[in-house]
Trainee: 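What follows is a structure written as structure tokens; I'll ask about it next.
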Amino acid sequence: MRWSHYFLFTLRDNPSDAEVISHQLLARAGMIDKLAAGIYTYLPLGWRSIDKLMRIVRDEMNAAGAVELMMPCVQPAELWQKSGRWQVYGKELLRLKDRHERDFCFGPTHEEVITDAVRRRITSYRQLPVNLYQIQTKFRDEIRPRFGLMRGREFIMKDAYSFHTSAASLDEAYRAMERAYRRVFDRCGLRYTAVEADTGNIGGSESHEFMVLAATGEDAVVSCPACGYGANVEKAASGPLPPPPAWPGRVPAAPEAVLTPGTTSVADVGEFLSLPPARFIKTMIVETDREFAVALVRGDDELNEVKLKNVLGAVHLQLASEAKVEQVTGGAMGFSGPVGLKGVRIVADFEVMRLEVAATGANRADHHLVGVVPGRDFTPDVVADLRVVRGGDACPRCGAPLEVQRGIEVGHIFKLGTKYSAAMECCYLDERGQTHPMIMGCYGLGIGRTMAAAVEQNHDEHGIVWPRPLAPFEVELIALNPDVAAVREAADGLYGQLQAAGVEVLFDDRDERPGVKLNDADLIGFPVRVVVGKKGVEQGQVELSLRRDRIKLPVPLAEGVARAREALASV
RNA sequence: CGGGGCGUAGCUCAGCCUGGUAGAGCACACGGUUCGGGACCGUGUGGUCGGAGGUUCAAAUCCUCUCGCCCCGACCA
């Protein structure tokens, strides 16, 4: 492709609304164009990357035995009412009406449609299992789209759905999908990790996320370098913490109230009473879709709201407002504690119950209780893992120190079970003629997000450094001085030869100054660059360089194509 | 939805506080000099200052409302 015949416009400045590096670079490199919040055009260069990634994904899905189809974006409300998600999904579901005022939505995911398609065709165990996938544009009306392609409202996703007669069969498909995902991300040259994940509102029994490791990731990933344990921080567990410093002095027979004016944070009270934060019981009042509840974690720990939500069986959970806190505890916000609380469920973290004595709020303004003994002075309704795991905590499997890194969730696979098949009567007859709901799995992979993640992980101060499999073109050929006949002829010749050799080449034949073309080449970041300049051509040479190390190497003009292909093979 | 910030030329921004002829750089067009790391000189095109209402002799500037965008939080296959 000749640049002069293409549709490629690079930007010198970062767009004012681009904050993360992948958004900045993809926009400056002329690959994407924002139309509205979280809604982007893939310009020709960007679309080539997307197309390459989709080919890799198709390849691996097909190899893993999944079958491609294409479902509609616009879906009738009836299906969603049947699964119950018309009510549950909330504002993230973009709803619309047709001219007859009938309700539709723009599909954020396709469990309903696929389950409907399968239930009307498959009736026998003999026809199972099946695994169907599509690559398609989704729409989710996110509360807050951000970070360019990383969290769009409209985005391209590969989604697959499998149907089974047994947990063993589902497990087989699940493992096959896991292997396929690994191959996809391996082929893309990404550094990633697969971790255990919370199943969220999708539901199901088991779930793994594929995280591309990058500092700008929205998620925290906990991993054990010793045994390979890995989990999203929402889900991650740890071994027991080391005990906090000893309680100073004697443990009283009953909690004693002390005056602690104005000290509402653990840090403040700790300093005021000369107690370490780990000796406090942090008490948080939460409000869920069904109740108020009280969560207790050790003073130096953070509450993991996802874990708490799961323990409480809640769909939504938030910290209670000041007024609600006072209503529940009878005391001021910032002075809450579990002692004497009535009428609410109390959930305590394991580490709280391991404290033989502690301090906590007195449910009375400007007062705390010291000498509180868990189990003696209060009894939680549930004891569970509620804390956010931190770097250095013990691995729950082997005890080695855990690491915490940032990650971008590019894939997520779930064992769904019968949640949708039961609700939508997607059933089969077994050998004995009995009816059962099918057992389902679902498997998502964000196409645009993976492209953005690749840029987050592969760039330098000059621009993008594409891994070859995702590079829009493999080689950029630059005619530095196209007004010089010898240069033009040499570059034209190389261009024809590269094309004939099947190399994907973008030929920068623009009438621009050398600096502009060289800087643009760095910005758009194809793996191999071939520069034809006046001086070189006089000596029968062109210059070859790799984007990653930017080392320039003169090669004979006649060997240009062969050497470029060698260089490509090396990346 | 809560908190913060921003909407002025295709892009990045200044001007606003303290009301008085709408600006710069880049991009684009033409001419000239340049040409291996984002050149220079000259000329030129391009803006209902996000929108509506108000105050005023006069509004990009002050006030009210509204729309859009970005960041933090809550939320999130």
Side-chain angles (χ1 to χ4, degrees), chain A residues 9-20 23-24 27-28 30 33-39 85 89-93 107-112 136 138-148 150-153 155 157-161 197-204 207-210 218-219 232 234 286-287 305-306 309 315-321 409-414 416 420 441-446 449 462-463 478-484 487 510-523 529 531-537 541-543 545 550 552 554:
Chain A
F9 304 89
T10 57
L11 268 36
R12 188 173 294 209
D13 301 305
N14 279 325
S16 58
D17 52 10
E19 198 76 14
V20 295
H23 187 191
Q24 293 176 344
R28 284 182 52 207
D33 188 24
K34 192 176 79 170
L35 186 62
I39 301 177
R85 289 208 290 184
Y89 213 99
K91 289 189 173 174
E92 213 175 299
L93 185 64
T109 172
H110 282 67
E111 281 84 3
E112 280 79 1
Q136 199 226 29
K138 309 291 187 201
F139 196 97
R140 294 184 191 174
D141 205 354
E142 296 275 356
I143 293 172
R144 180 143 99 85
R146 56 178 151 180
F147 302 154
M150 301 245 279
R151 180 174 294 278
R153 291 194 291 174
F155 59 100
M157 170 166 124
K158 186 284 301 176
D159 47 328
Y161 307 88
D198 185 76
T199 51
N201 289 341
I202 291 281
S207 136
H208 284 83
E209 287 170 339
F210 290 79
E218 285 189 273
D219 293 279
N232 190 306
E234 291 179 347
V286 299
E287 182 177 0
E305 295 188 15
V306 173
K309 197 161 80 174
V315 178
H316 297 291
L317 179 147
Q318 60 183 26
L319 289 175
S321 65
E409 179 193 346
V410 289
H412 200 162
I413 60 178
F414 295 83
L416 284 179
Y420 296 92
C442 78
Y443 318 93
L445 191 156
R449 189 182 278 187
H462 304 286
I478 301 178
L480 266 197
N481 332 88
D483 51 320
V484 177
V487 169
R510 292 176 300 168
D511 183 21
E512 288 287 352
R513 292 177 63 81
V516 171
K517 290 192 264 201
L518 294 169
N519 280 317
D520 274 345
D522 284 343
L523 177 61
R529 187 177 86 185
V531 177
V532 183
K534 192 167 64 178
K535 267 185 251 166
V537 164
Q541 288 182 331
V542 295
E543 173 194 288
S545 61
R550 299 173 84 241
K552 303 169 189 171

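So you know, we letter chains A, B, ... as the sequences are listed, proteins then strands, and number each from 1.
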Trainee: Whole angstroms only, please: what is the NZ-P distance between K91(A) and C75(B)?
Mentor: 16 Å

Trainee: Anything under 3.5 Å between a protein N or O and an N or O of nucleotides 30-34 of chain B, put it in a table, one pair a line.
Mentor:
unit_1, atom_1, unit_2, atom_2, d
U34(B), O2, R513(A), NH1, 2.6

Trainee: With a 4.0 Å cut-off, would you call D17(A) and K34(A) a salt bridge?
Mentor: yes

Trainee: Ignoring hydrogens and geometry beyond distance, is a side-chain donor-acceptor pair present between E111(A) and T109(A) at under 3.5 Å?
Mentor: yes

Trainee: Between K158(A) (side chain) and G444(A) (backbone), is there a donor-acceptor pair under 3.5 Å?
Mentor: no

Trainee: Using modelled atom types only, decide if a donor and an acceptor are shared between the side chain of E92(A) and the backbone of E142(A) within a distance under 3.5 Å.
Mentor: no

Trainee: Determine, for nucleotides 5-14 of chain B in 5'-to-3' order, which nucleotides have protein heavy atoms under 4.0 Å from the base (write B), from only the sugar-phosphate (write S), or from neither (write -).
Mentor: -------SS-

Trainee: G73(B) pairs with which nucleotide, Watson-Crick or G-U wobble, both distances below 3.5 Å?
Mentor: C1(B)

Trainee: Please confirm whether any donor atom in the side chain of R144(A) sits under 3.5 Å from an acceptor in the base of C76(B), or the reverse.
Mentor: no

Trainee: What's the CD-C1' distance between E218(A) and C76(B), to the nearest Å?
Mentor: 9 Å

Trainee: Out of A74(B), C70(B), C26(B), which nucleotide sits closest to the side chain of A37(A)?
Mentor: C70(B)

Trainee: Once you round it to whole Å, what is the distance between P of G37(B) and NZ of K517(A)?
Mentor: 13 Å

